[in-house]
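Every chain is numbered from 1 and lettered A, B, ... according to where its sequence line falls, protein lines coming before strand lines.
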Amino acid sequence: MKSLFNLNRLSLKESLFIGFCAVFIVLLRAGLRLHLGIPGHSMLFTVFFLMLARACVPYRFSASFTGLIAGIMAVVLGLGKGGPLILLKFLPPAIVIDIGAMLIPAWHNRYLFCILIAALAASTKFINTYFVDYLIGMDPTVNLQHAFIGSVSGTLFGMAGSLFVPPIMGKLNAHGIIGRHFGDNPEVRRHGEEKT
Amino acid sequence: MHPANRKAFSPVMASRDPGGMPGRERQLSAGYKMMLCMALSISAFVARTPLPLLVLFLLNAVVLLWFRRGPLTLKREIRVLCWQIFIITGLYVLRFGFQSGWVPGFLTAIQLFLAFFPGVIFLQTTPQTQIVMTLEKIMPSRMAFVLAMSIQFMPLMIREIRTIYEAQVFRGARILPSDLINPKNWKDVLHCLLFPSIVQCMVAAHDIATAAKARDFGKFSKRTHWPGG
């Protein structure tokens, strides 16, 4: 179990890049205050940066690590609605992205796979909203409606956010930027990379 | 975080860490504050009738006054409360009708607010440095370091992105808010702002990691601090 979650597999600069992805999630989620008045719009950047972290850093739990850091940061900085339950907004989609990335190795190059993983990841907003409202003791029907409204728009925004991943990854790979910055960790090898 | 950087970041962050009344912060450490606020937050899930909710509301007010280190701005929280009351009470009224729906809807909205509000109290009344030092005690040192560095370099990243944004606008990129109304210009955000910002992040991560390694980061299992050993 320890080796499964071993953070030493991440180099320090990879960890810091993950930290910066988390910074972007938190800043764009609440710092820039997208007052669109539409529930779930924050999923656009949350899903994009979680997927970007997973695509750039060859560590199987990098999205979860990003989600965890973003959640703790949101708690620390008091962004969003606050409270320890804000972690639930970041972790479930991150875990889904990690699982999706494990099942589909070259997902970040294909729009279809990105949309599919993003849809599944963003739909976890339903579970999060339903769980919190259930703990409050909200009426089940109202709870379902409340969670459904948030999750449908969240899923649409998440899918839109995932559309940015293939062009960004394509550009980063074309210029050899990922290899230049994250290519010196001998323990891990990116999918399709040849042994030297 | 350097005070100048804190001011440069944003009024949101600056308001989280007001500088006044240094004596009061010694009353309770960040760890105890965190535990007390979490207990209050959990209590909101248990209290479901008007009287316990009223008691909890008053307790929150007392804790807020006790922890307060300077002027507080609760405008955003009050706006959240109003919006929540409107949405949840509306859904209850639609489901049960006005007569039997508005009271439970209103109470649920208040309950939901009281579950989130203690977190706001904690964050508005505790300096970030204290929070990070507390987190270092309860999480792996690598994660705490990444978290601390991410928060510390947040103002730098914002400055870098602002510089990229301004440079690209001067070069003619259609990324001004008025340009973004047209979806055809969204790809400019991707290529002119998002991509260089990500590369800038990678460069910053590389530089910070090199600087940390030069200071023997990771050599000892327990992270040392300067000053203070």
**Prompt:** Relative to chain A, which segment of Ile87(B) carries a heavy atom at a distance below 4.5 Å: side chain, backbone, both, or neither?
**Reply:** side chain

**Asked** From Phe164(A) CZ over to His191(B) NE2, what is the distance, rounded to the nearest 0.5 angstrom?
**Response** 10.0 Å

**Prompt:** Pick one: which of Leu91(B), Val93(B), Thr108(B) meets side chain to side chain contact (heavy atoms under 4.5 Å, CB included) with Val142(A)?
**Reply:** Leu91(B)

**Request:** Calculate, to the nearest 0.5 Å, the distance between atoms CD1 and CZ belonging to Ile161(B) and Phe24(A) respectively.
**Result:** 3.0 Å

**Prompt:** Do you know which of Ile69(A), Ile177(A), Ile168(A), Leu68(A) has the most heavy-atom pairs with chain B at a distance under 4.5 angstrom?
**Reply:** Ile168(A)

**Prompt:** Under a 4.5 Å heavy-atom cut-off, does chain B meet the side chain of Ile18(A), its backbone, both or neither?
**Reply:** neither

**Asked** Which residues pass the ring pair (Phe, Tyr, Trp, His ring centres under 6.0 Å) test with Phe113(B), sequence neighbours left out?
**Response** Phe117(B)

**Asked** How are the rings of Phe20(A) and Phe153(B) set relative to one another: parallel (under 30°), tilted (30 to 60°) or perpendicular (over 60°)?
**Response** perpendicular

**Message:** Counting C-beta onward and ignoring hydrogens, is there a side-chain heavy-atom pair between Leu190(B) and Pro167(A) closer than 4.5 Å?
**Reply:** yes

**Asked** Could you state the interatomic distance from CZ (Phe96(B)) to OG1 (Thr141(A)), rounded to the nearest 0.5 Å?
**Response** 6.0 Å

**Complete:** Of His146(A), Lys171(A), Gln145(A), the largest count of non-hydrogen pairs under 4.5 angstrom with chain B goes to Lys171(A)

**Region of Val203(B) in contact with chain A, defined by heavy-atom distances below 4.5 Å** = both

**Item:** Point-to-point distance, once rounded to the nearest 0.5 Å, from OG of Ser11(A) to NE2 of His206(B)
**Value:** 10.5 Å

**Message:** Determine whether Ser15(A) and Met143(B) satisfy the following criterion, side chain to side chain contact (heavy atoms under 4.5 Å, CB included), listing intermediate values before the conclusion.
**Reply:** CA-CA 8 Å; Ser15(A) 310; Met143(B) 194 186 282; over 6 Å; no

**Prompt:** CD1/Ile208(B) to NZ/Lys13(A) distance, rounded to the nearest 0.5 angstrom?
**Reply:** 12.5 Å

**Request:** Nearest 0.5 Å please: distance from the NE2 atom of His175(A) over to the CZ atom of Phe195(B).
**Result:** 5.0 Å

**Prompt:** Quick one: what part of Met157(B) sits under 4.5 Å from any heavy atom of chain A, side chain, backbone, both or neither?
**Reply:** side chain

**Item:** Phe57(B) CZ: over 12 foreign heavy atoms closer than 6.0 Å
**Value:** no

**Item:** Choice from Leu107(B), Ile198(B), Val189(B), Ile121(B) maximising heavy atom contacts with chain A below 4.5 Å
**Value:** Ile198(B)

